[in-house]
Structures are given as C-alpha cells and as structure tokens.
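What you see is a predicted model, and the numbers here were worked out from it, not measured in a lab.
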Amino acid sequence: MSKPVYSDEMYHDAMVVVVGDIIYSNASCDSKIGRIRKLTEYIVRRLTKYNPNSSLELGDDRTIAALKRAGVTEQFFWDAYKVIRNNGNDANHSKVTVLPDEADLEHVKKASLITFCYLFFDYFKKYPFGSSPQVMRSFSLLPPFMRLTVLLELLRADPSNIFVIDKLRLVLVKTLGMDDALRLVESEKEFLTAHQMPYSSDNMKMKILIYGVENMTTVMKEMQETIYDYLVREIPKVRILGEINLPYTTFETAKKYYLENGIIAGNTPEITEFNSLMKFRYTGIRIANE
C-alpha cells in the first residue's frame, strides 16, 4: 500500500474552522493561543510534506528534525516557532494558573504571521523574487505588513536581488509611513551600507537616459551607491510619485482583490506553486463586509 501524500485540500476544512476560531470568534485568549498552535502544525505539515497518517507535535524532536531536513534553518522562523510552541504548551496544560491576556495573544499572533511569511520566503528560495512578473503582482495583493516581513528577510538572505530592494522601498512606506520607514532604514544602516546596489549595465543606460550624458557624475555616483544610500534617496520620493495608493490593509480587505486579480493563469511549476500558496494563506479569511 502506497504512503499517503500531503495535500492542502486534506486540511482545508479544518483550517477554515481553526482560522475562524482565532480571528472571528469570541473565544478566550487561552483558547485562541491553543488554536494558533494547531494552525502552526498545519503550516509545518505543508513545509515538510508530513505524512498525513502521522501525528505531529511542535515540541516533538521528530517534527524539528523534519523541518531541518526540509531546509528550514533561518532563525526568524525558529524564533516564531518557539513563541508559539511555548505559549501553546501553556494554553494546553492545567499546571499553568495565570491565564494569558490580550498582549500575550497579540505576541503569539505576530509569531503566527511570521510562520506564514516563512512559507513565502521558502517559495522565493526556490523561485527567486523577480523571476516572474505575474508572481510579483500577485504577491503585492498581500497586506503590506506581511510583504514587508518577507522582503526584509529576503534582503538579509540575498542583498543582490534588485527586485527585492525596489519593492522594499514601496512597502516600507505603505506599512510604516515615511518617517518610520526612514527610521527602520537607519536602524539597519550597518547592514545596508555593507552592500552595494546590484545595478546592471542596463540600469546604467537607463540612468544616462534619465540624467543625460552631461550629468555622468551623478550617474556614476548613483551606480556606486549602497543599498542604504538608495533607500534614503528613494523613500522620500514614494509619496511624491503617488505610489502609496493602497485599497487594502488587512487580509479581509485584500482577499477580495486577490480573488479578482491575484490568481495567475498558467500551469508552470512556479505559477502553480504560488497560486496554491496564496490560496493556503487566504484559507479561512473572510472577505470584508460579507
């Protein structure tokens, strides 16, 4: 008898219930944290393609080993995993007598969002960000706070991807506003100044067209700038260029736009996998005003 193979559809109905309990119910903070732990188990199953017939616990050494075999080594994932595992343990044990409050719940929710972000980070490890314009457009139909986390981690992993840097300048402003975006850039100055902008010869030709050959000094100065220089120069232009129009800021408002414009036509592995990932992320999310 063949071994059962993981599929998102196996867990779809259960995820709808769990997401509903976490976001839309009046359950206690304690109960919601327990449900976030279960939701994380579904995410881990997806990452590892875990045997559907096998039980899975976040604290089990076999689960941790499966994640590492799947290439999950990044610290930002494991930090979030630890928050969910530890708080989920407390939510499931009678030994704990102090119940979690809203602040504890928000802390675990943020960790849960990071685990979802990791799914996209993992996808872009396989299919580099920018390799498909359609994927980049569909990715933009996630709320900006989620895109910001993914793009920051992609930049830290690979500072040579100019598509990541370009989209980051926009989402920084959309998520944080101009002043806080610049403050975040300042907080990352040491890393950002250590890496040159990954300009190509085509970028140089475009700059010459924009500035003119009589301004080659400006062209050459920008060609030699760091990522920090670029972001400090470009972030203030975002509002001026009218690039911050954003009709959605939550998953509920974004889902409508995703369903209307975000499902990519085509059946290449890159597109098929991204479509299924977006569908997984929006599972259980209700469209605003429905």
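The closest donor-acceptor contact from the side chain of Asn275 to the backbone of Ile264 lies under 3.5 Å. Side-chain atoms of Lys32 come within 3.5 Å of backbone N or O of Ser25 as a donor-acceptor pair. Of the possible donor and acceptor atoms, one in the side chain of Thr40 sits under 3.5 Å from a partner among the backbone N and O of Ile36. When atom types are taken as modelled, the side chain of Lys167 and the backbone of Phe129 share no donor-acceptor pair closer than 3.5 angstrom. Although no hydrogens or angles enter the test, the distance criterion places a donor-acceptor pair under 3.5 Å between the side chain of Asp104 and the main chain of Asp101. When atom types are taken as modelled, the side chain of Asp229 and the backbone of Thr226 share a donor-acceptor pair closer than 3.5 angstrom. Although no hydrogens or angles enter the test, the distance criterion places a donor-acceptor pair under 3.5 Å between the side chain of Tyr24 and the main chain of Arg286. Between the side chain of Thr193 and the backbone N or O of Glu190, at least one donor-acceptor pair lies under 3.5 Å. For the pair Lys255 (side chain) and Tyr282 (backbone), a donor-acceptor distance under 3.5 Å is present. Formation of a donor-acceptor pair under 3.5 Å by the Thr283 side chain with backbone atoms of Lys279 is found in this model.
Between Leu184 and Leu176 the shortest side-chain heavy-atom distance falls below 4.5 Å. Within the 4.5 Å cutoff, the side chain of Thr48 has no heavy atoms near those of the Arg69 side chain. Using a 4.5 Å heavy-atom cutoff, the side chains of Arg156 and Glu74 are not in contact. Looking at Pro100 and Asp30, their side chains come closer than 4.5 Å, going by heavy atoms from C-beta outward. Contact of the Asp166 side chain with the Tyr230 side chain is registered, since non-hydrogen atoms from C-beta on lie closer than 4.5 Å. With contacts defined as side-chain heavy-atom distances shorter than 4.5 Å, the pair Phe274/Glu270 does not qualify. The shortest distance between side-chain heavy atoms of Gln224 and Tyr199 does not fall below 4.5 Å. At least one side-chain heavy atom of Val18 sits less than 4.5 Å from a side-chain heavy atom of Ile22.
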Would Asn161 and Leu154 satisfy side-chain contact (heavy atoms from CB on, under 4.5 Å), going step by step from the backbone distance to the final call?
-> CA-CA 9 Å; Asn161 188 320; Leu154 287 174; over 6 Å; no
Trace of the side-chain hydrogen bond (donor to acceptor under 3.5 Å, both in side chains) decision for Gln134 with Ser132 = CA-CA 5 Å; Gln134 300 102 309; Ser132 167; 3.2 Å; yes
Applying ring-ring contact (aromatic ring centres under 6.0 Å, His included), run through Tyr258 and Phe251 and close with a yes or a no.
-> CA-CA 10 Å; Tyr258 155 67; Phe251 287 109; over 10 Å; no
Going through the checks in order, is the side-chain contact (heavy atoms from CB on, under 4.5 Å) test met by Arg46 and Leu277?
-> CA-CA 10 Å; Arg46 193 180 203 278; Leu277 176 53; 3.9 Å; yes
So Lys68 and Thr73, side-chain contact (heavy atoms from CB on, under 4.5 Å) or not? Walk me through it.
-> CA-CA 6 Å; Lys68 290 181 177 178; Thr73 60; 5.7 Å; no
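Ile287 and Val17 are not part of a single hydrophobic cluster, where members link through side-chain heavy atoms under 4.5 Å apart.
By the 30° and 60° cut-offs, the orientation of the rings of Tyr81 relative to Trp78 is perpendicular. A tilted orientation is assigned to the rings of Tyr42 and Tyr11, their planes being inclined by 30° to 60°.
The pair Lys125-Glu153 does not count as a salt bridge, with every side-chain nitrogen at least 4.0 angstrom from each carboxylate oxygen. With respect to Lys82 and Asp79, no salt bridge is recorded, no charged nitrogen being found less than 4.0 Å from a carboxylate O. Salt-bridge formation is not detected for the pair Glu41/Lys38: no Lys NZ or Arg NE/NH1/NH2 atom is positioned less than 4.0 Å from an Asp or Glu carboxylate oxygen.
Side-chain atoms of Ser112 and Arg35 include no donor-acceptor pair closer than 3.5 Å.
Aromatic rings of Phe139 and Phe124 (six-membered ring for Trp) have centroids within the 6.0 Å cut-off, being under it. Aromatic ring centroids of Phe121 and Phe76 lie under 6.0 Å apart.
By the 6.0 Å contact criterion, CZ on Arg62 is open, its count of non-hydrogen atoms from other residues, nucleotides or ligands being 12 or less. Annotation: Lys221, atom NZ; neighbour count of heavy atoms from other residues, nucleotides and ligands within 6.0 Å does not exceed 12. Environment of NZ in Lys110: sparse, with no more than 12 heavy atoms of neighbouring residues, nucleotides or ligands closer than 6.0 Å.
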